[in-house]
Amino acid sequence: MGPRAQKNANTVKKSTAKKTVKKSAVKKAVKKTAKKAVKKAASKAAATPKKSVAVKKAPRKAKKRMGRVPKLKKVRSRIAATIKVRKIKSKDVVIILDFGSQYTQLIARRIRENKVYSRIVAYNITPDEVKEINPKGIILSGGPLSVYDENAPLPNEEIFKLGIPVLGVCYGMQAIVHMHGGKVKASQEREFGRAELFVDSNKDLFSNLPTNLTCWMSHSDEIKKLPTGFVKIAHTLSASCAAIANRQKKIFGVQFHPEVVHTQRGTQLLLNFVFQICGCLPRWTMDKFIKSTMKQIKERVGSKKVVLGLSGGVDSSVAAMLIHKAIGKKLYCIFVDNGLLRKNEAAKVERNFKGNFKMNLTVATAEKRFLDRLAGVEDPEEKRVIIGDEFVKVFMEKASRLKNTAFLAQGTLYPDVIESISPTGGPSAKIKSHHNVGGLPKDMKLELIEPFRELFKDEVREIGKRLGLPDSILKRQPFPGPGLAVRILGAVSKDRLDMLREADERIMDEIKKAGLYDEIWQAFGVLLPVQTVGVMGDQRTYENVIAVRAVTSTDGMTADWAQIPYEVLGRISNRVINEVPGVNRVVYDISSKPPATIEWE
């Protein structure tokens, strides 16, 4: 290549690079942060003298153990033998103390998305338990209470003396101030929603971030006096201390929520803490999770059998595939047809798993049993409890016929747990009972295997993709365990189930035809317990109402109503009213989560 050609090529490369930087400023900043952490660790390792070949090999051996799940203890009762990472040998783990915020799991998710393992623990975890986990960072979550309230949850003060970097978020920052001698009082001007943040110090926590940011506030308290050793590093027009730092002790706090999408560059702030301040390395991946979990399941199960309740949804399907690859024909799947499913659901599940994947599968037809118990029941919680109880009875009847069965596998996800109970002892409020959480008989002798109990839906889909499951299963929208019973407001009957099934099929058909299925997190119909007047064929009608619910989301913990084009909504309405007997009105739900939940019950 001649000098002129070489010069032109260099010019093109520079121009392309500039465009790339403009388009992905955030991505570059994240990479830069991670690169610094890796370089720092590498320099530290290089400075360590290597005395022998044995010393050279030691890091490799430790690396193989990285991310492995410890062996589960044998349990004789129904206590969960949950498949989850309890201790990360690599030490690259950040723990999040749960003070009751419904956004706590989002903090964990943002960190995991960037290949660092994060784990949610109880707010009152002891210093010895923290030392056992050996994290590189601690995050204190938000919470619904005030630090000056009676019985307000506070962490053990010895945690701040462990020399581990700490970041407090919202309530977590106020707890730091309160426990270090500062003052927190009720604010005259409460901040809820978007606020403009002014950064006073563009280093460490705010490194590579602009001096003005839009952040998401949700608080009614403010810091009146900073503790000794702390300085203000950001403020808003209403909060003089929107972010604080004690750099000597590596303790930081932010009044806003960096984990929510409404905070501009919030993820970058979290990564500044994780990579720069804590010194973590981005090396936690789904491949390592799959490998370690499969090995643990194989070792734990041995020559015994595992029975799994297969629903055909993403969670149980991926769990079945993971366990099937680990132990093969020692897995026995049971599909309970409770009569509360979508149209032709049982036939699809049998064709996929028994026909295509060659798994052991038994179909238990029990529609009459479920409908008899649900007759006249209107309360949604009572419905869930009844369905869960009857499911267990039907399932256990089938499972009891299998000899040498010692384990029950479930596809429980973290959002399932957080909406049912606080799984780690934190004060998170119960929202609703979940079909996989609770409801199991106290005298059940099977041990639980729940490989995804602390994973999010998108992580499970990624695992399924790596295991070879098709998109027709992986991209299926979530479906509630109690089925259509919680999409029928009021009493459940076979006629109303058939009506909703037909309406739901037409809703989904039109959404798929419009190419919107993959863009929408969840879409479905709800049969309301009201009737309205209509005119059909010059005759007065007094028939049922179907509500269409469609939301967009990334993890199901927060959601916005989907802005479906009017013409698509029009086609849905026309088809449901014209083709489903007993329906003369269709409405569209435009509520977000929160404050509403995705399901109506």
Side-chain angles (χ1 to χ4, degrees), residues 95-108 120-126 138-160 166-195 197 205 215-246 249 251-260 262-263 266 269-270 418-419 421-422 424-431 557-558 594-595:
I95 62 171
I96 302 157
L97 275 58
D98 176 20
F99 289 93
S101 171
Q102 295 300 329
Y103 295 138
T104 300
Q105 68 286 349
L106 290 182
I107 302 174
I120 297 173
V121 299
Y123 73 90
N124 55 358
I125 186 173
T126 67
I138 299 172
I139 296 178
L140 311 183
S141 82
L145 302 178
S146 296
V147 292
Y148 48 78
D149 286 342
E150 187 177 357
N151 299 321
L154 293 172
N156 190 306
E157 61 182 9
E158 294 300 315
I159 286 175
F160 298 108
V166 177
L167 171 64
V169 175
C170 197
Y171 177 91
M173 181 182 83
Q174 295 167 8
I176 290 172
V177 172
H178 179 72
M179 296 179 72
H180 285 79
K183 289 185 180 180
V184 179
K185 292 186 178 180
S187 175
Q188 292 183 348
E189 289 187 47
R190 299 186 302 171
E191 280 189 305
F192 293 97
R194 289 180 174 85
L197 183 75
L205 203 60
C215 66
W216 186 261
M217 290 285 193
S218 181
H219 69 99
S220 56
D221 295 327
E222 66 175 338
I223 297 172
K224 291 293 185 181
K225 178 185 175 183
L226 279 174
T228 303
F230 284 80
V231 294
K232 176 187 73 173
I233 58 175
H235 68 279
T236 68
L237 295 177
S238 300
S240 60
C241 293
I244 61 173
N246 182 325
K249 294 183 178 180
I251 301 176
F252 299 82
V254 293
Q255 185 59 69
F256 54 93
H257 287 272
E259 69 273 23
V260 302
H262 309 293
T263 294
L269 184 146
L270 289 173
I418 200 66
E419 287 193 342
I421 54 174
S422 179
T424 51
S428 297
K430 174 179 174 178
I431 297 173
M557 299 309 300
T558 60

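FYI, the numbering just counts along the sequence from 1. What you see below is based on every heavy atom in this structure, not just the backbone, and it leaves out hydrogens, waters and symmetry mates.
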Novice: Just by distance, do the side chain of Tyr123 and the backbone of Gly100 share a donor-acceptor pair under 3.5 Å?
Specialist: no

Novice: Between Ile244 and Val177, does a side chain to side chain contact (heavy atoms under 4.5 Å, CB included) hold up when you go through it step by step?
Specialist: CA-CA 9 Å; Ile244 61 173; Val177 172; 3.6 Å; yes

Novice: How far apart are the closest heavy atoms of Leu140 and Ile176, and which atoms are they?
Specialist: CD1-CG1, 3.7 Å

Novice: Looking only at non-hydrogen atoms, find the nearest pair between Glu259 and Val169 and report the distance.
Specialist: OE1-CG1, 3.9 Å

Novice: Between CG of Leu270 and CG of Leu167, what distance do you get to the nearest 0.5 Å?
Specialist: 7.0 Å

Novice: Check Met179 against Pro155 and note the closest heavy-atom contact, atom names and distance.
Specialist: CE-O, 3.0 Å

Novice: Measuring from atom SG of Cys215 to atom NE2 of His257, what distance do you get when rounded to the nearest 0.5 angstrom?
Specialist: 10.0 Å

Novice: For Ser240 versus Ile223, what's the shortest heavy-atom pair and its separation?
Specialist: OG-O, 4.4 Å

Novice: When you look at His180 and Ile251, which way does the side chain to side chain contact (heavy atoms under 4.5 Å, CB included) test go after all the steps?
Specialist: CA-CA 11 Å; His180 285 79; Ile251 301 176; 3.9 Å; yes

Novice: Does Cys241 form a side chain to side chain contact (heavy atoms under 4.5 Å, CB included) with Gln255? I'd like the steps, not just the answer.
Specialist: CA-CA 8 Å; Cys241 293; Gln255 185 59 69; over 6 Å; no

Novice: Step by step, would you call Leu269 with Phe252 a side chain to side chain contact (heavy atoms under 4.5 Å, CB included)?
Specialist: CA-CA 11 Å; Leu269 184 146; Phe252 299 82; over 6 Å; no

Novice: For Phe99 and Tyr171, which heavy atoms make the closest approach, and how far apart are they?
Specialist: CD2-CE2, 3.5 Å

Novice: Could you tell me the separation between the CG atom of Asp98 and the OG1 atom of Thr104, rounded to the nearest 0.5 Å?
Specialist: 4.5 Å

Novice: By the side-chain hydrogen bond (donor to acceptor under 3.5 Å, both in side chains) test, which pairs, at least two apart or in different chains, include something from residues 142-159?
Specialist: Ser146-Asp221, Tyr148-Asp221, Glu158-Lys161

Novice: With a 6.0 Å cut-off (strictly less than), is the heavy-atom count around NZ of Lys249, excluding the residue itself, greater than 12?
Specialist: no

Novice: Kindly compute the distance separating CD1 (Ile96) from CD1 (Ile138), expressed to the nearest 0.5 Å.
Specialist: 11.5 Å

Novice: Side chains of Leu97 and Ile159: closer than 4.5 Å at any heavy-atom pair?
Specialist: yes

Novice: Please list, chain by chain and in numerical order, all residues satisfying side-chain contact (heavy atoms from CB on, under 4.5 Å) with Lys225, sequence neighbours excluded.
Specialist: Lys183

Novice: Do you know the tightest heavy-atom contact between Met217 and Ala242?
Specialist: CE-CB, 4.1 Å

